[in-house]
Amino acid sequence: MRLALSCSIAAIAVGVPLSAIGHPSTANSGAAIQALEDQFAAAVRAKDVDAIMKVYGRGSDLFVFDLVPPRQYVGAEAYRKDWKAFLDTFKGPIKFTISDLAVDAAGKMAYSHSVQRMNGTDRKGKSVDFTVRVTDIYRKMGGDWRIVHEHVSVPVNMDTGKPDMTSSL
């Protein structure tokens, strides 16, 4: 199992689709992950932390690199607190979209990358609008897909050294 997982992670790192390394990829898995991402987007728009966390691995099965400190979140409870604090910064509704979602799945592992945009108004009345890049790794657990690793990033303007929170193609 470790060898298969290591090969899958190495393939992901160099951009090789999992289906190209001898695992059968299924359209059903891609559709299930698309549905999971749709569920996630609806939960973010509803500012429902419990529903957001349903897409993630349980307990220590989750590892996240997010935009805000600390450098990493280990475990679902740590990431739940991050989401709660983040959503509490918004006053009123949040607009949230996922675009450019690409999914590759094989067996009990899958990965995706997408562009996610969020906008709304913060508690001080300031408009908030930003775009991030997200890479997720999923594991099928108990018959359901769950995100077990997430990496959220933004491009950096190399001239200023500052993040480009509204980057587009």
Side-chain angles (χ1 to χ4, degrees), residues 5 8-9 12 18 28-105 107-156 162-168:
L5 181 58
S8 296
I9 290 171
I12 290 167
L18 289 176
N28 289 345
S29 293
I33 290 170
Q34 174 70 56
L36 183 77
E37 292 293 340
D38 292 344
Q39 172 188 337
F40 171 72
V44 172
R45 287 189 293 270
K47 297 195 281 187
D48 183 342
V49 176
D50 291 333
I52 289 169
M53 293 309 297
K54 286 181 180 180
V55 307
Y56 292 103
R58 308 294 189 254
S60 61
D61 287 333
L62 179 63
F63 186 92
V64 177
F65 288 125
D66 200 2
L67 290 180
V68 296
R71 178 183 66 208
Q72 62 196 33
Y73 292 88
V74 179
E77 191 55 38
Y79 204 39
R80 171 184 287 281
K81 289 177 185 175
D82 178 49
W83 268 110
K84 172 107 174 73
F86 176 70
L87 293 173
D88 285 347
T89 66
F90 285 89
K91 175 183 167 186
I94 295 173
K95 182 177 178 186
F96 180 78
T97 58
I98 298 174
S99 62
D100 302 325
L101 179 66
V103 177
D104 199 354
K108 293 185 177 196
M109 296 294 294
Y111 68 94
S112 74
H113 55 83
S114 65
V115 174
Q116 300 180 5
R117 182 174 181 202
M118 180 177 287
N119 53 45
T121 303
D122 72 12
R123 296 260 176 222
K124 298 175 185 173
K126 181 182 173 191
S127 178
V128 176
D129 187 356
F130 61 88
T131 302
V132 296
R133 306 172 297 190
V134 178
T135 302
D136 286 320
I137 298 175
Y138 310 82
R139 183 180 305 136
K140 199 158 199 181
M141 306 168 105
D144 296 319
W145 287 104
R146 299 279 181 237
I147 298 169
V148 294
H149 176 73
E150 185 164 78
H151 190 123
V152 183
S153 67
V154 294
V156 173
K162 294 185 180 193
D164 180 354
M165 299 295 283
T166 60
S167 180
S168 62

**OP:** Show the numbers, then the answer: is there a side chain to side chain contact (heavy atoms under 4.5 Å, CB included) between Y138 and L36?
**Re:** CA-CA 10 Å; Y138 310 82; L36 183 77; 3.8 Å; yes
**OP:** Please assess V103 against E37 for the test side chain to side chain contact (heavy atoms under 4.5 Å, CB included), listing each intermediate value before the final yes or no.
**Re:** CA-CA 11 Å; V103 177; E37 292 293 340; 6.0 Å; no
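Between A105 and S29 the shortest heavy-atom distance is CB-CB, 3.5 Å. When every heavy atom of L62 is checked against every heavy atom of A76, the shortest pair comes out as CD2-CA, 3.9 Å. Looking at every heavy atom in both residues, I33 comes nearest to A110 through CD1-CB, 3.4 Å.
A side-chain donor-acceptor contact under 3.5 Å links S153 and R133. In this structure, a donor-acceptor pair under 3.5 Å is absent between the side chains of Y73 and E150.
Look at K54 and D50 and you find no salt bridge, because none of the NZ, NE, NH1 or NH2 atoms lies under 4.0 Å from a carboxylate O.
The structure places CE of M141 at 10.5 Å from NZ of K108, a figure rounded to the nearest 0.5 Å. Between the CD1 atom of I147 and the OH atom of Y79 there is a distance of 8.0 Å, given to the nearest 0.5 Å. Separation of atoms CZ (R80) and CD (E77) is listed at 6.0 Å; rounding is to 0.5 Å. Once rounded to the nearest 0.5 Å, the distance linking OH of Y111 with CG of D136 reads 13.0 Å. In this structure, CZ on R117 lies 4.0 Å from CG on D129, to the nearest 0.5 angstrom. In this structure, K84 NZ and I52 CD1 are separated by 11.0 Å, a value rounded to the nearest 0.5 Å.
Taking the six-membered ring where the residue is Trp, the centroids of F40 and W83 are separated by under 6.0 Å.
Checking side-chain atoms of H149 against main-chain N and O of F63 turns up a donor-acceptor pair under 3.5 Å. Proximity of a side-chain donor or acceptor of D66 to a complementary backbone N or O of V68 within less than 3.5 Å is not detected. The backbone N or O of F90 lies less than 3.5 Å from a partner atom in the side chain of R123, making a donor-acceptor pair.
In this structure, the side chains of M118 and K95 stay at 4.5 Å or more apart for every pair of heavy atoms. Inter-residue side-chain proximity for L87 and I94 is flagged as met; some heavy-atom pair is nearer than 4.5 Å.
Within 6.0 Å of CZ in R71 there are 12 or fewer heavy atoms belonging to other residues, nucleotides or ligands.
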